[in-house]
Amino acid sequence: MLNFELSQEQLEIYNEALKFSKNEIAPKASEFDEKAEMPFEIFKKAWELGFYNTCIPTEFGGSGLTTLDSVLISEAFAYSCMGMNTSIMANDLALLPIVIGGSEEQKKKYLTPFTEEFKVASFCLTEPESGSDAASIKTTLKEKDDHFLLNGNKMWITNAGYADLYVVYATVDPQLGHSGITACVLEKGAEGIEVGLPEKKMGHCSSDTRALTFNNVKVPKENIIGGVGQGWKLAMKTLDHSRPLVASSAVGGAQAAFDHALKYANERKQFGKPLAKHQAIQFMLADMGIKVENARNLVHKAAWLLDQGKRNTKIASFAKAYSADICMEVATDAVQIYGGYGYSKEYPVEKIMRDAKLIQIYEGTSQIQKLVIARELNSSI
Ligand code: COS
């Protein structure tokens, strides 16, 4: 049976999240963007309402929300600020490898505390010389007696300045390629973790991004997630889960840009009538509406597939590439419809356009999504 309507429960989750987004996030979005600070008070309130760490299963204190529920929350939050939503989603990105590949003890030890108090987590894969080619990481984990020693550099790590927990990818032997990659968990304060200064970014300024350096950090063997050499597949499976969330953030941003543009086009008059009565603008608005609707449908399908226990790699990449690209396009068109006002920080679409750009880049660029899609297509024949 095909049904395009959300259930009553899903609608309630979305409406509650949107209410929070409009009442708590929207009024502070510009201020924190300008200050380039994380809004911890807002994050803590979101955590108290159960909008955080939605990937944690109920056995470990989580809320039991589905992936589809999670993308609804992500869209609602991003509607008011994609930057804040990035920081919130980054917690899920970091905890997902433990949810997917961790042992029962690891899940209890590392996931449960996130349900008991507000905590921050970071997913540490990218390096200065390893971005799209994620398997080329140089950070090493060398076995020594009863533990490993972690050495290397990570780059563009969301939440890194405040993280209570880091999930770090490293190689036990670069010669082994993918099968040397291993994931481990580190807690705040582990000796040898050096946290860089905050990156100064074009957008997503209310989300903390930094480099990390690991100098002989001692990693107990029980901190390895999923076994030595299992890190690559764990990272790829994690991205299958997290890409629908990122894509839904793009949908939220695009919907906001569209709503602002539609309202403005009905208010602003030129040549004696509202912009919305000019066919040139009507066609732009129609195209923007088509794109947002299409993107949302793809995101919901990518999340739904996971909830059915099915592999969603191709559709998750469809959703990520398409939503990120249309978010950029819709935001750019919204700025165009606002004209000179759209270029001003006084109006909301300028920030949406800056924030949209990053979604085409992080968690796999649009080009990388197409590479993943091509491989999935080729492997199916
Ligand atoms: N689920 C399970 N296994 C997967 C998988 C997935 N989604 N994707 C790949 N794999 C497996 C492959 O099946 C292959 O397994 P075998 O060795 O058993 O055949 C193995 O992993 C290697 O895969 P692949 O050959 O595709 O590896 P590449 O090094 O060529 O990876 C991509 C290419 C583009 C997929 C990878 O580098 C990537 O995702 N890059 C973007 C990284 C990213 O998103 N960075 C953002 C950081 S997080 S903010």
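For the numbers below, each heavy atom of this structure counts, side chains included, while hydrogens, waters and symmetry mates do not. Counting starts at 1 for both ligands and their atoms, in listed order.
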More than 12 heavy atoms of other residues, nucleotides or ligands under 6.0 Å from CH2 of Trp156: is that the case?
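Count not over threshold, so no.
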
For atom CD of Glu129, is the number of surrounding heavy atoms from other residues, nucleotides or ligands below 6.0 Å larger than 12?
no

Is there at least one pair of N or O atoms, one from [X] and one from ligand 1, spaced under 3.5 Å apart?
X      : result
Asp240 : yes
Asp133 : no
Ala135 : no
Trp232 : yes

Trp156 to ligand 1, any heavy atom closer than 4.0 Å:
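No heavy atom of Trp156 comes that close to ligand 1.
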
Could you tell me whether [X] approaches ligand 1 through its side chain, its backbone, both or neither, with non-hydrogen atoms closer than 4.0 Å?
X      : value
Ser132 : backbone
Tyr362 : neither
Arg243 : side chain

Protein residue, atom and distance nearest to [atom], heavy-atom basis:
atom                    : answer
atom 10 (N) of ligand 1 : Met236 CG, 4.2 Å
atom 49 (S) of ligand 1 : Glu363 CG, 3.5 Å
atom 26 (O) of ligand 1 : Arg375 NH1, 2.7 Å
atom 48 (S) of ligand 1 : Phe123 CE2, 3.7 Å

No-hydrogen, no-angle side-chain donor-acceptor test under 3.5 Å, [X] and [Y]:
X      : Y      : answer
Ser207 : Thr86  : no
Ser87  : Asp208 : no
Ser242 : Glu363 : yes
Thr140 : Asn151 : no
Thr66  : Asp69  : yes

Measuring from Ile100:CD1 to Lys107:NZ, what's the distance to the nearest 0.5 Å?
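Nearest 0.5 Å value for the CD1-NZ distance: 9.5 Å.
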
Closest by any non-hydrogen atom to atom 14 (C) of ligand 1: pick that one out of Glu127, His178, Lys233.
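Considering heavy atoms of Glu127, His178, Lys233, the nearest to atom 14 (C) of ligand 1 sits in Lys233.
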
Do protein heavy atoms approach [atom] to less than 4.0 Å?
atom                    : value
atom 24 (P) of ligand 1 : yes
atom 32 (C) of ligand 1 : no
atom 19 (O) of ligand 1 : no

Between Tyr110 and Phe60, is the ring centre distance below 6.0 Å?
no

Please step through side-chain contact (heavy atoms from CB on, under 4.5 Å) for the pair Asp287 and Asp333, ending with a clear verdict.
CA-CA 10 Å; Asp287 281 336; Asp333 281 349; 5.7 Å; no

Per-atom contacts, ligand 1 versus [X] - under 4.0 Å to a heavy atom:
X      : result
Leu239 : 44 (O)
Thr313 : 7 (N)
Ala134 : 37 (O), 42 (C)
Thr126 : 47 (C)

Testing Thr54, Asn312, Asp307, Asp92 one by one against Thr67 for a side-chain hydrogen bond (donor to acceptor under 3.5 Å, both in side chains), which residue passes?
Asp307

Backbone N/O of Ser136 and side chain of Glu127: donor-acceptor pair under 3.5 Å:
no

